[in-house]
Amino acid sequence: MFKKILIANRGEIALRVMAACREMGIATVGVYSEVDKSALHTRTADEAVFIGASEPAESYLNVERIIDAAKQTGAEAIHPGYGFLAENADFARACQDNGIVFIGPPAKVIRDFGNKTVARKMMVDGGVPVVPGMTESNLDAKRVAAHAEEIGYPVLVKAAAGGGGKGMRIVNAPSELAAALESAASEAKAAFGDGSVYLEKYITNPRHVEIQVLADTHGNIIHLFERECSIQRRHQKIIEETPSTAVNDELRQKMGEAAVQAAATAGYVNAGTVEFILDEDGCFYFLEANTRLQVEHPITEMITGIDLVRRQIEIAAGLPLDLKQEDVTARGHAIECRIYAEDPANDFFPSPGKIVCLKEPTGPGIRNDCGVYQGFTVPVEYDPILSKLVVHAENREAAIERMKKALADYVVIGIKTPTQFLADIIDSQPFREGNTLTSFIDTYFPSWEPTLPDKDLAALAFIADGMAGKRVADAVAEGPAEIPLPWQTLGHWRL
């Protein structure tokens, strides 16, 4: 087993990996940029190495500096977390070339799955159901138009590299195709440095359902059931749950077997996720594979009791899986809400700044993977995710009620967060009924506005309680230290 691991990431995911390492008796190395000198992951790591300026290209995306930090501290392995270099085949190869274990799949697997047309062809060859469409990228309008006519409109133009909805256009008629190709290619080039695009059939009213897999270096592959990730805003997941309300035992088995087959076809090793589109008729199609730990991995951990980060580390160390498929069981229901520094009342515009007061929800079945603290200044340079709020209960109805309370008790003063928006979704009748299609927000929340006073107004109570001035300044200066404030026993916020 490794004695020391470097975590090439920041925020809550870096802290999550450090927590697993600590339980396993493994020392940790954190890396930080100029703006993250006082970040929580910097403070928490056993050692922390400065790797450059705040711009990602100068720090968290700088392969040479991260490799140097691992060598300098004697780290035997690197965990990439998610985002940044987590799905960068060149980084995985650089680790290998420098005698450092990359905690993830082989570079070739990352490269193959990183190109969606290559991945689609590989899945077709492996017998995994794939959305009808092209298996090669092409910008020739006539050839693409011929494919579109063959599979039928509407169609979807997609970037061959990258994700997150960038380089993606829905085309409903032939007259829209040329413009969609041009704009998608341009956006993909700017976002990923690769303007290649391809075409696939657009599935109307789908669900986004993914399967978690674990594969070791000894040929053992298992799946850990599904996660439904259909609640999305601009193709970005914001609420995930497991099990899916649309998946029964028979379908779950079929999707799990397909995910295992996809992993086997690709020669996959470590933790990964095979993502599927599920249509209204219960047919599922391969969408893509994420060659890393997913943001939403905690809900799988909650229902299975399996620590995915620990398993990643064990697999990377060469240990065989001690689980067979029949050993994996699920209990209860789990939901995750992503908490971002953004203003839902202002088109979800990023909301960086200083966190003046932070009150995290607690209680049975509540887990908050948080990467910030009271007094921390949320930077503008990185993805604005602050934390992942997760609840687990004996059934879906109980999990919904638990999440409602947890969101009501979650308070961040000084910046904006979407907790009320998320609570309104969770409490809505369509969500309760399980109508969680990818069009959910556009259908039911097209122009959301807050109905309760802004939680920042609660700062007025500081004055009413004689807590203003020096007390607030002391709270900010003391950072994550425990400070007895009246909010800590207030429960649901009220003025």
Side-chain angles (χ1 to χ4, degrees), residues 119-120 122-133 200-215 220-232 237 239-266 268 271-290 294 296-297 299-306 308 321 323-336 392-400 430-440:
R120 282 169 58 82
M122 186 165 54
M123 293 301 100
V124 169
D125 294 342
V128 178
V130 174
V131 178
E200 67 181 31
K201 177 67 177 176
Y202 178 68
I203 306 298
T204 56
N205 297 321
R207 293 174 184 261
H208 187 143
V209 180
E210 62 189 28
I211 304 289
Q212 176 73 57
V213 297
L214 287 174
N220 303 305
I221 308 174
I222 61 172
H223 71 83
L224 278 66
F225 310 122
E226 83 280 2
R227 297 185 289 253
E228 171 141 353
C229 311
S230 301
I231 306 295
Q232 302 177 10
K237 305 166 188 174
I239 298 175
E240 300 96 352
E241 63 177 313
T242 185
S244 166
T245 59
V247 177
N248 57 28
D249 289 341
E250 180 182 0
L251 181 57
R252 181 172 296 113
Q253 181 176 345
K254 290 180 179 179
M255 294 183 74
E257 290 172 352
V260 169
Q261 180 60 36
T265 298
Y268 201 90
T273 302
V274 182
E275 303 199 356
F276 295 99
I277 286 291
L278 180 65
D279 70 16
E280 294 175 296
D281 298 323
C283 297
F284 62 92
Y285 306 93
F286 172 83
L287 179 64
E288 62 182 355
N290 292 114
Q294 289 282 81
E296 57 272 20
H297 77 274
I299 57 175
T300 296
E301 294 181 328
M302 298 299 273
I303 67 162
T304 64
I306 296 172
L308 290 176
L321 281 170
L323 292 170
K324 290 183 169 45
Q325 190 61 60
E326 56 268 26
D327 297 326
V328 183
T329 58
R331 182 182 63 83
H333 198 96
I335 302 174
E336 173 179 299
H392 179 252
E394 60 272 21
N395 56 54
R396 188 171 189 265
E397 182 180 355
I400 288 173
F431 184 88
R432 287 181 176 274
E433 292 174 353
N435 298 327
T436 51
L437 306 176
T438 56
S439 59
F440 184 94

For V213 and V260, work out which heavy atoms get closest and say how close. CG1-N, 4.5 Å

Donor-acceptor pair, distance only, cut-off 3.5 Å: does the side chain of S244 make one with the backbone of E228? no

Where the side chain of D327 meets the backbone of K324, is there a donor-acceptor pair that is under 3.5 Å apart? yes

Can you find a pair of side-chain heavy atoms, one from [X] and one from [Y], that are under 4.5 Å apart?
X	Y	answer
F440	P430	yes
T436	I239	no
Q325	I222	yes
R207	V247	no
E296	E210	yes
Q294	E275	yes
D125	T265	no
E241	I400	no

According to side chain to side chain contact (heavy atoms under 4.5 Å, CB included), who are the partners of P206, at least two apart in sequence or on a separate chain? I203, I277, T438

Could you pull out all residues at least two apart from A264 that satisfy side chain to side chain contact (heavy atoms under 4.5 Å, CB included)? I221

Are Q261 and E257 linked by a side-chain donor-acceptor pair shorter than 3.5 Å? no

Under a 3.5 Å cutoff, is there a donor and acceptor pairing between the side chains of E433 and N435? yes

Partners meeting ring pair (Phe, Tyr, Trp, His ring centres under 6.0 Å) with [X] (sequence neighbours left out):
X	value
F284	F276
F225	H223
F286	none

For R331, look at atom CZ and say whether over 12 heavy atoms of other residues, nucleotides or ligands are found less than 6.0 Å away. no

Count the heavy atoms belonging to other residues, nucleotides or ligands that lie under 6.0 Å from CD of E250, then report whether that count exceeds 12. no

With sequence neighbours left out, write down each residue that passes salt bridge (charged side-chain N to carboxylate O under 4.0 Å, His left out) with E336, or none if nothing qualifies. none

Using a strict threshold of under 4.0 Å (side-chain N to carboxylate O), is an ion pair present between D249 and R252? yes

